[in-house]
Structures are given as C-alpha cells and as structure tokens.
Amino acid sequence: MSINLAQLKQQQLEYAESIIIQDKLDFTIPKFIGGTDVGFENGGEITRAAIVVLSYPDLRLVEYKVAKVKTEFPYIPGYLSFREYPALEEAWQQISQKPDLLLVDGQGIAHPRGVGIASHLGLLLNIPTIGVAKKRLYGQYTDPDSKPLSYEKLWDKHGEQQIGWVLRSKLRCNPLFISPGHRVSYQTALDWVIKCLKGYRLPEPTRFADAVASNKPFFSQVLRGM
DNA sequence: GCGACAG
DNA sequence: ATCTTGTCGC
C-alpha cells in the first residue's frame with residue numbers, strides 16, 4: 001500500500017476548518033460518557049479498538065464493544081487517526097447505547113494541524129469528543145504543580161494561543177494532556193475530564209477502555225462489575 | 001541537517 | 001502501541 005502523506009495532510013487541513021471548539025452538546029447532564037482505547041495484536045497486524053460506555057454520574061460500566069480489523073496504516077506521529085479510526089468507527093457502530101460524550105485516547109486539537117484523533121473521530125461521527133493523551137505531541141507548557149488537579153494551559157508553537165490543558169490528575173503521576181476534540185469548549189473539556197476522575201491517573205472512561213482493550217488482570221475485574 | 005514525535 | 005520480571009517508592 002502506498003501512502004500519500006501530503007494528501008492526508010491536506011485532508012487534515014480541510015477537517016480542521018470544520019472542527020467546532022465550542023459547546024454543541026445535546027445534554028446538560030450526560031446520561032452516558034464513553035471512552036476509547038486501541039491496542040494491537042500479532043505484531044501490529046490486527047488493530048483492536050475498544051469503546052466503553054459508563055453511566056453518569058455513577059461512572060459504572062454499562063456496555064463495551066471491541067472491534068478487530070486488519071491494520072492497514074503505520075504509526076506516524078501526526079497521522080495516528082488514519083491508523084486507528086477504522087477500528088474505532090467499527091466499534092462505535094456496534095455500541096447500542098451511544099454515549100453523549102466520548103473521551104478519546106489521544107490528542108484533540110493539540111496537534112500540528114489541529115486535528116488529533118479525538119477531533120478526527122468527533123468530526124466524522126459528529127459527536128462531542130475530548131482528547132485525553134498521556135503524552136505531549138504538540139505545543140508548549142510549564143509543568144503543573146504537584147498538587148492533584150493542578151493544571152496549566154497548553155499553548156501553540158508560538159505561545160500565542162491555547163490549544164489545551166496539562167492536568168495533574170494524580171499525585172506523583174505524569175500529567176494528562178487534555179484538548180477539545182469536537183463540539184466541546186476548552187473549559188468543558190477540562191471540566192468533564194475532572195468530573196470523570198476517581199482517584200486514578202486516567203479518567204474512568206479511559207481507564208475502563210484500557211482494561212477492556214488489553215488482556216490484563218483488571219479486565220476480569222471490570223467484567224465482574226457489570 | 002538535527003531533534004521531536006499521540007498510540 | 002508491544003515485548004516482559006523484578007523492583008523501587010509511596
């Protein structure tokens with residue numbers, strides 16, 4: 001398969017113009033909040049995407065779906081969505097209780113062209129999304145205080161415009177990189193991530209998605225909670 | 001040219 | 001992301 005990065009870059013630039021960084025929500029208090037995580041099998045041959053649905057405000061797992069598709073795109077920083085979107089879209093279609101808000105593992109607009117996977121997904125599925133990344137891809141910031149829930153703004157390349165937040169979700173843990181995905185404002189993105197924290201570094205939707213997407217001990221623990 | 005670089 | 005045991009710190 002040949003990959004035309006220049007063309008994909010152009011596509012991202014076009015998507016960027018349609019991304020809405022304002023609250024366009026269909027709820028005041030969400031009924032369900034979702035989370036996503038993607039893993040790989042057979043040395044990357046298979047992409048395994050998980051989407052979980054948690055009730056709000058109790059944050060209990062009510063449904064989850066795992067979709068496996070053949071991987072047809074490599075990992076290239078800045079182009080992650082082209083690698084993971086297909087599997088995530090498949091998992092989304094299988095979900096019967098569509099969440100009102102989706103926390104996506106990866107960047108929202110905190111991306112070189114303003115279109116991280118959370119934005120890409122939100123735009124194509126037309127749903128409110130928030131990017132929750134464990135590492136920085138783009139932008140500059142100063143480390144937030146060590147006190148839990150301390151945060152700093154994540155700025156663009158020139159330090160002129162905000163593109164997200166750097167949140168210390170838990171004591172002695174590396175911060176999270178939060179940014180609007182689609183149809184969500186900066187403040188709302190930060191607020192909902194904080195509301196989904198429950199003593200762990202990752203917000204519950206993301207944490208459950210991690211558990212479901214991986215094959216680890218916590219997964220069986222998660223299934224029991226259903 | 002060199003370093004950075006989500007998952 | 002994934003391959004992997006023990007291990008250091010709270």
Side-chain angles (χ1 to χ4, degrees), chain A residues 3 5 8-9 11-12 15-16 19 35-52 66-91 102-124 129-141 146-148 154-159 163-182 189 193 199-203 205-219:
Chain A
I3 298 169
L5 280 190
L8 296 180
K9 173 180 177 181
Q11 185 172 71
Q12 291 184 323
Y15 281 168
I19 292 170
T36 78
D37 187 44
V38 177
F40 298 88
E41 299 176 3
N42 303 321
E45 250 183 73
I46 300 298
T47 298
R48 185 203 319 114
I51 291 187
V52 298
V66 178
K68 296 183 181 183
V69 306
K70 184 173 183 180
T71 306
E72 29 68 71
F73 198 89
Y75 169 64
I76 301 174
Y79 297 85
L80 178 68
S81 55
F82 294 104
R83 176 178 172 79
E84 305 189 340
Y85 180 77
L88 283 169
E89 202 249 341
E90 176 64 31
L102 191 61
L103 303 196
V104 180
D105 65 314
Q107 314 292 343
I109 62 170
H111 174 280
R113 290 167 291 287
V115 197
I117 189 167
S119 300
H120 187 120
L121 190 67
L123 184 63
L124 298 192
T129 58
I130 295 173
V132 180
K134 294 181 277 304
K135 293 180 180 178
R136 180 202 78 98
L137 166 67
Y138 185 77
Q140 41 187 40
Y141 65 97
S146 62
K147 182 177 180 292
L154 177 60
W155 303 87
D156 70 359
K157 192 174 188 176
H158 307 296
I163 57 175
W165 308 91
V166 184
L167 171 70
R168 179 132 273 142
S169 53
K170 183 182 179 184
L171 185 65
R172 289 179 219 89
C173 283
N174 291 322
L176 255 31
F177 295 79
I178 314 300
S179 59
H182 182 54
V193 168
Y200 296 89
R201 183 194 179 210
L202 299 176
T206 307
R207 202 166 69 84
F208 278 68
D210 273 342
V212 171
S214 61
N215 302 306
K216 297 181 177 180
F218 182 60
F219 180 46

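Scope of the values below: all heavy atoms of this structure, side chains included, with no hydrogens, waters or symmetry mates. Chain identifiers are assigned alphabetically (A, B, ...) following the order of the sequence lines, protein sequences preceding nucleic acid strands; residue numbering begins at 1 within each chain.
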TODO: Rounded off to whole Å, could you give me the NE2-to-P distance for the A:His111 and B:dA4 pair?
DONE: 19 Å

Task: Sugar-phosphate, base or nothing in reach of A:Tyr79, heavy atoms under 4.0 Å - done: base

Task: Atom pair distance, as rounded to whole Å: CD1 in A:Ile130 and P in B:dA6 - done: 21 Å

- [ ] For A:Leu171, report the nucleic acid contact type (base, sugar-phosphate, nothing); a contact means any heavy atom under 4.0 Å.
- [x] nothing

TODO: For the pair A:Lys68 and A:Glu41, find out whether any cationic side-chain nitrogen is under 4.0 Å from an anionic carboxylate oxygen.
DONE: yes

Open item on the list: With the criterion set at under 5.5 Å between ring centres and under 30 degrees between planes, would B:dG7 be stacked on A:Tyr75?
Closed with: yes

Open item on the list: So A:Gly131, base contact, sugar-phosphate only, or nothing? Heavy-atom distance under 4.0 Å.
Closed with: nothing

- [ ] Would you kindly check if the NZ (Lys) or CZ (Arg) of A:Arg83 is within the cone defined by 45 degrees around the ring axis of A:Phe40 and under 6.0 Å from the six-membered ring centre?
- [x] yes

TODO: Scan A:Glu84 against the nucleic acid and name what it touches under 4.0 Å (heavy atoms): base, sugar-phosphate only, or nothing.
DONE: sugar-phosphate

- [ ] May I have the distance from A:Ile178 (atom CD1) to B:dA6 (atom P), rounded to whole angstrom?
- [x] 16 Å

TODO: Specify the separation, in whole Å, of atom CG of A:Leu88 and atom P of B:dG7.
DONE: 13 Å

Task: OP1 or OP2 of B:dG7 under 4.0 Å from side-chain N/O of A:Arg83 - done: no

Task: Which nucleotide in C:dT2, B:dA6, B:dG7 has an atom nearest any side-chain atom of A:Asp105 - done: B:dG7

Open item on the list: Could you tell me how far apart A:Ile117 (CD1) and B:dA6 (P) are, to the nearest whole angstrom?
Closed with: 13 Å

TODO: Round to a whole Å and report the spacing from CZ of A:Phe177 to C1' of B:dC5.
DONE: 13 Å

Open item on the list: Nearest whole Å is fine: how far is B:dG7 C1' from A:Arg48 CZ?
Closed with: 13 Å

- [ ] Classify the ring geometry between A:Tyr141 and A:Phe177 as parallel (under 30°), tilted (30 to 60°) or perpendicular (over 60°).
- [x] perpendicular

Open item on the list: Classify A:Gly39 by what it touches in the nucleic acid, base, sugar-phosphate, or nothing, heavy-atom distance under 4.0 Å.
Closed with: sugar-phosphate

Task: Nearest-angstrom distance from the residue atom CD1 of A:Ile163 to C1' of B:dA6 - done: 12 Å

- [ ] Classify the nucleic acid contact of A:Phe40 as base, sugar-phosphate or nothing, counting any heavy atom under 4.0 Å across all strands shown.
- [x] sugar-phosphate

Open item on the list: To the closest 0.5 Å, what do you measure between CD1 (A:Ile178) and CD1 (A:Ile163)?
Closed with: 12.5 Å

Task: Nearest-nucleotide pick for A:Arg136, side chain only, options being B:dA4, B:dA6, C:dA1 - done: B:dA4

Open item on the list: Is it the case that the side chains of A:Thr36 and A:Asp105 hold a donor-acceptor pair, with the cut-off being a distance below 3.5 Å and no angle test?
Closed with: yes

